Each structure stands twice: as structure tokens, then as C-alpha cells.
Amino acid sequence: ISDDFDFENNSTVNALAVVPGNSDSGNSEYIYFANDTGLYMTTDGGNSWTLILTTEPNVTSIAVDAGDPRHVWIGLSGYYPNEKVYEFTDGKWKNISGSLPNFPVNCIEPNKSKAGEIYIGTDIGVFRFAESDGDWQLINEGMPVSIISELELNYLSGRLRAATYGNGVWEMAVNDCGVTKPEIIQ
């Protein structure tokens with residue numbers, strides 16, 4: 001993408017999110033990546049990059065709103081109180097860490113059919129945020145306390161799957177994902 005990108009101090013890429021462009025609508029490809037120095041964004045498929053956030057702790061995960069490539073959530077590593085999740089919208093950053101406990105955030109999964117609802121995987125389980133509630137809720141539903149390394153929302157089944165460190169893959173029912181099951185015609 002960018003063979004001339006100058007990584008400071010040979011830092012590694014910690015997180016990556018790609019939003020494919022649509023040539024029919026003229027939208028360019030948005031790409032976000034985080035390294036040890038901050039979060040970078042390109043709107044032209046990698047020809048030019050902009051540093052949009054410098055942070056300590058490091059960014060561990062990036063999620064992009066399916067309807068707006070300029071609406072982004074990031075999860076942060078480390079044990080920094082009240083520095084867990086940020087939301088970028090309208091060109092501004094907002095800390096939405098709320099009452100989250102002081103554990104690293106490892107992954108983020110937005111609900112593409114419910115604006116303002118996101119799920120995060122932390123070192124102690126899965127949390128859900130909804131703008132209507134204004135804060136985070138632990139939703140482990142029978143899961144052991146585990147490091148969550150990946151989350152995937154299955155819209156058809158209405159189930160959230162969580163990959164753990166050492167405890168396998170778990171799934172739980174989540175609120176309506178807004179997808180109607182297809183009718184099978186015989």
C-alpha cells in the first residue's frame with residue numbers, strides 16, 4: 001500500500017481496519033492502522049496518511065462504522081484508568097470508557113444494524129455499550145472469566161461469538177440484530 005511509509009523506531013502495526021471504497025459512488029478506500037506512535041488514517045487507499053491520534057496506552061483494536069467510514073472506535077491496551085475505548089465521529093474524539101474496569105480492551109465489534117451499540121472483548125470478558133443506556137454492561141452469560149481475543153456478531157442468528165485465551169469459543173444470544181431470517185420456499 002505504502003512502501004515509503006516511514007515507521008518511527010521500526011514500530012509494528014498493532015491494529016488494522018480497511019473499508020473498501022466504492023468506485024460507483026466515488027468513495028475512496030479508507031484504511032486505519034495503529035502502531036506504537038499512534039493511529040493513522042488514509043482516505044485514498046494508502047497514497048497519503050494522516051496521524052489522527054497519539055496515545056499512550058497503545059491502540060489494540062479498531063472498528064469502523066459500516067455506514068460511515070469516518071466513524072471509528074478504538075480499544076486501548078494497558079492498565080490506565082478510564083482510558084479504554086474512544087469513539088471518533090464528526091472529526092472529534094470522545095472517551096466512552098465510562099465505568100469499564102481497569103483491564104485492557106483486546107477487540108471491538110460494532111452492531112452494524114443498531115447505531116450506537118458496540119461490544120468489546122477485555123481481559124475479563126465481554127462488555128456491551130448502547131448509547132441508549134449510556135454505559136457498559138458485562139454480558140458474559142455463563143462464560144468463565146477469560147481473556148477475549150476476538151468477537152464476531154452473527155446477524156442472522158443474533159449470536160455473538162467470543163474467542164478466548166484458553167477457554168475455547170463461546171457464543172451468547174444478543175438483542176435483536178435487526179436482520180430478518182429469510183423465508184425458505186420449497
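The structure displayed is predicted, hence computed values, not measured ones. What you see below is based on every heavy atom in this structure, not just the backbone, and it leaves out hydrogens, waters and symmetry mates.
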Report yes if some heavy atom in the side chain of Arg128 is under 4.5 Å from a heavy atom in the side chain of Asp133; otherwise report no.
yes
So, does Thr60 use its side chain to make a donor-acceptor pair with the main chain of Gly75 at under 3.5 Å?
yes
Mind checking the CZ-CG spacing from Phe33 to Leu16? Nearest 0.5 Å is all I need.
9.0 Å
Donor-acceptor contact present, side-chain Ser97 to main-chain Val85, <3.5 Å:
yes
Return the minimal non-hydrogen interatomic distance between Pro69 and Val19, and the atom names on each side.
CB-CG1, 3.9 Å
Verify whether one side chain among Lys84 and Asn102 offers a donor that lies under 3.5 Å from an acceptor in the other.
yes
Nearest heavy-atom approach of Ile139 to Met172 is O-SD, 2.9 Å
Looking only at non-hydrogen atoms, find the nearest pair between Ile148 and Thr164 and report the distance.
CD1-CG2, 3.7 Å
Test item: Val64 and Tyr30 side chains (from C-beta on) under 4.5 Å apart, heavy atoms:
no
Please walk me through it: do Phe103 and Tyr79 pass side chain to side chain contact (heavy atoms under 4.5 Å, CB included)?
CA-CA 6 Å; Phe103 289 95; Tyr79 297 93; 3.9 Å; yes
Could you check whether any side-chain N or O of Thr122 sits under 3.5 Å from a backbone N or O of Ile124, counting only pairs where one atom can act as donor and the other as acceptor?
yes
Hey, could you give me the CD/CD distance between Glu56 and Glu83, rounded to the nearest 0.5 Å?
10.5 Å
Please report the shortest heavy-atom distance between Leu51 and Leu39, naming the atom on each side.
CD1-O, 3.5 Å
For the pair Asn154 (side chain) and Leu156 (backbone), establish whether a donor and an acceptor sit closer than 3.5 Å, ignoring hydrogens and angles.
yes
Could you state the interatomic distance from CG (Asn111) to OH (Tyr155), rounded to the nearest 0.5 Å?
5.0 Å
Hey, could you give me the CD/OH distance between Glu152 and Tyr119, rounded to the nearest 0.5 Å?
13.5 Å
In chain order, what residues pass the ring pair (Phe, Tyr, Trp, His ring centres under 6.0 Å) check against Trp170, with sequence neighbours excluded?
none
Minimum-distance pair of heavy atoms, taken over all atoms of Trp73 and Asp65
CZ3-N, 3.7 Å
Taking atom types as modelled and ignoring hydrogens, do the side chains of Asp135 and Ser99 form a donor-acceptor contact shorter than 3.5 angstrom?
yes
Is there a donor-acceptor pair closer than 3.5 Å between any side-chain N or O of Asn47 and the backbone N or O of Asp44?
yes
Is there side-chain contact between Ile120 and Phe129, with heavy atoms separated by less than 4.5 Å?
no
Atom CG in Leu53, atom CD1 in Ile74: separation rounded to 0.5 Å?
5.0 Å
Would you say Ile108 ends up clustered with Leu138 if hydrophobic residues are merged whenever their side chains have heavy atoms under 4.5 Å apart, either directly or through other cluster members?
yes
Do the side chain of Asn35 and the main chain of Thr37 share a donor and acceptor less than 3.5 angstrom apart?
yes
Is there a side-chain contact between Val105 and Phe127 (heavy atoms, below 4.5 Å)?
no
Within the side chain of Ser77, is there an N or O that forms a donor-acceptor pair under 3.5 Å with the backbone of Pro104?
no
Please evaluate residues Tyr86 and Thr55 with respect to the criterion side chain to side chain contact (heavy atoms under 4.5 Å, CB included), reporting the C-alpha separation (whole Å), side-chain torsions for both, the decisive distance (0.1 Å), and the verdict.
CA-CA 11 Å; Tyr86 279 79; Thr55 181; 5.9 Å; no
Does Pro101 offer a backbone N or O that forms a donor-acceptor pair with the side chain of Trp136 under 3.5 Å?
no
Any heavy-atom pair between the side chains of Met41 and Thr43 that's under 4.5 Å?
yes
Glu171 atom CD: more than 12 heavy-atom contacts under 6.0 Å:
yes
Hey, quick one: are Ile147 and Leu160 part of the same hydrophobic cluster, counting side-chain heavy atoms closer than 4.5 Å, chains of contacts allowed?
no
With side chain to side chain contact (heavy atoms under 4.5 Å, CB included) as the criterion, how do Asn14 and Val59 come out once you've worked through the C-alpha distance, each side chain's angles and the decisive distance to 0.1 Å?
CA-CA 7 Å; Asn14 299 329; Val59 175; 5.8 Å; no
Just do the side chain to side chain contact (heavy atoms under 4.5 Å, CB included) check on Ile118 and Ile96 with the steps written out, would you?
CA-CA 11 Å; Ile118 60 174; Ile96 61 169; 4.0 Å; yes
N/O donor-acceptor pair under 3.5 Å between Asn58 side chain and Leu76 backbone
no
Show the nearest heavy-atom pair for residues Asn106 and Asp123, with the distance to one decimal.
ND2-OD1, 2.9 Å
